[in-house]
Amino acid sequence: MKTTLAKKETVTHDWKIVDASGLILGRLAVQIANALRGRNKPTYTPHVDTGDYVVVINAEKVKLSGSKEEQKQYMFYSGYMGNEKYRTVADFRENRPEFIITNAVKGMLPRNKLSSGMLTRLRVFRGEEHEHEAQQPSPLLS
Amino acid sequence: MPRARNVPATRKRRKKVLKKARGYFGNKSRLFRYAKDAVDRGEAYAYAHRRKYRSEIRQLWIVRINAACRAEGLRYGEFIHGLTKINVDLNRKILSELAIHEPDAFKELVEKAKTALAA
């Protein structure tokens, strides 16, 4: 008997939903990244994208431990001199809370050709509302 | 006395190498001089990776078993420990295939491991 390998043509991607409110960012991001990669399924195959879609709601209510709210910095650099910018989590929380989660998950995905496709299956929303009621997502964390 | 060369043999030997180098990039598939290096290297990797494959595929089975038994509320290490306690000798390959094709049988194994651990 040969080891079963998933095929791109026959893989089905499920929909999962998770409420980020009150959860610790890094611990949540691990769960999301594993679901996007398909590591929570017995059919996981490294060279085939077997992951699920993940909908995150209440992105602005995610928690960070310690004083990372003010101390954790994101660096941006356009390539021009004097254009190195630093933003803290607090800067993003109000205006772009989706970035906090997407950035954390992105760093936990493998650096390969599949990872960009996996990241497109992550949908992050602030507040309770999301656009994927029609897909009837099931809870990611039980 | 003129120098004797064995051209048919040389051609045969070089042709064998070039045949293995089909599909290689540029010179490597066309000139014996460069094809030989590429083929030697390729075969060395093929040999090493056939051996590496065994450990890599075992890692994959373990990842799959872990995913399947975590869904039933047991970590991989606990699951295997429970199975050894009740003398289940199924290997990782069969366990991972069971998890895909016979989820009910796999669930039963997890339950048995759980009771073995509790005892």
Side-chain angles (χ1 to χ4, degrees), chain A residues 1-18 23-24 26-55 105 108-115 117-118 121-122 136-142, chain B residues 23 25 42 45-46 48-84 88-114 117:
Chain A
M1 188 179 198
K2 273 192 171 177
T3 302
T4 312
L5 296 175
K7 281 209 174 96
K8 205 166 95 186
E9 293 78 25
T10 55
V11 164
T12 51
H13 305 283
D14 303 335
W15 283 80
K16 303 273 177 189
I17 188 167
V18 61
L23 298 179
I24 307 285
R27 290 162 196 277
L28 171 66
V30 174
Q31 302 285 345
I32 298 174
N34 282 343
L36 292 173
R37 289 181 72 186
R39 275 204 150 220
N40 50 2
K41 292 181 182 175
T43 49
Y44 170 74
T45 309
H47 61 278
V48 179
D49 190 353
T50 55
D52 297 330
Y53 288 82
V54 179
V55 179
V105 172
M108 292 185 189
L109 289 176
R111 274 82 171 148
N112 61 20
K113 287 180 183 172
L114 296 179
S115 68
M118 290 169 185
R121 282 190 281 96
L122 172 65
Q136 296 171 342
S138 60
L140 172 69
L141 311 173
S142 48
Chain B
F25 179 82
Y45 275 127
H49 291 173
R50 278 196 302 274
R51 269 132 198 90
K52 206 174 158 194
Y53 173 81
R54 284 161 210 166
S55 86
E56 281 174 355
I57 199 79
R58 186 182 155 105
Q59 283 172 18
L60 176 61
W61 296 328
I62 291 175
V63 168
R64 285 176 168 183
I65 297 167
N66 203 352
C69 60
R70 264 170 203 262
E72 306 299 322
L74 210 60
R75 287 191 298 274
Y76 167 78
E78 292 172 334
F79 178 52
I80 294 290
H81 181 49
L83 289 187
T84 37
V88 174
D89 263 349
L90 293 174
N91 59 24
R92 271 118 186 115
K93 180 178 182 178
I94 298 302
L95 285 173
S96 72
E97 290 298 303
L98 279 180
I100 298 171
H101 300 294
E102 308 276 349
D104 294 334
F106 187 83
K107 256 175 219 170
E108 215 166 290
L109 279 174
V110 175
E111 290 311 317
K112 285 204 169 137
K114 270 184 192 167
L117 285 174

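By convention in this document, chain letters (A, B, ...) are assigned in the order of the sequence lines, proteins followed by strands, and residues within each chain are numbered from 1.
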Checklist entry - Is it the backbone or the side chain of B:Ala71 that comes under 4.5 Å from a heavy atom of chain A, or both, or neither? => result neither

Are there any donor-acceptor pairs closer than 3.5 angstrom between chain B and chain A, and if so, which ones?
residue	atom	partner	partner atom	Å
B:Trp61	NE1	A:Thr3	OG1	3.0
B:Arg64	NE	A:Pro42	O	3.3
B:Arg64	NE	A:Tyr44	O	2.8
B:Arg64	NH1	A:Thr4	O	2.7
B:Arg64	NH2	A:Thr4	O	2.8
B:Arg64	NH2	A:Tyr44	O	3.0
B:Arg64	NH2	A:Thr45	OG1	3.2
B:Lys93	NZ	A:Met1	O	2.7
B:Glu97	OE1	A:Thr4	OG1	2.5
B:Glu97	OE2	A:Thr4	N	2.9
B:Glu97	OE2	A:Thr4	OG1	3.3
B:His101	NE2	A:Thr4	OG1	2.9

Checklist outcome for this item: Closest non-hydrogen atoms of B:Ala67 and A:Pro42, given as atom of the first, atom of the second and distance, are CB-N, 4.2 Å

Checklist entry - Given a strict heavy-atom distance threshold of 4.5 Å, which part of B:Ile57 is in contact with chain A: side chain, backbone, both, or neither? => result side chain

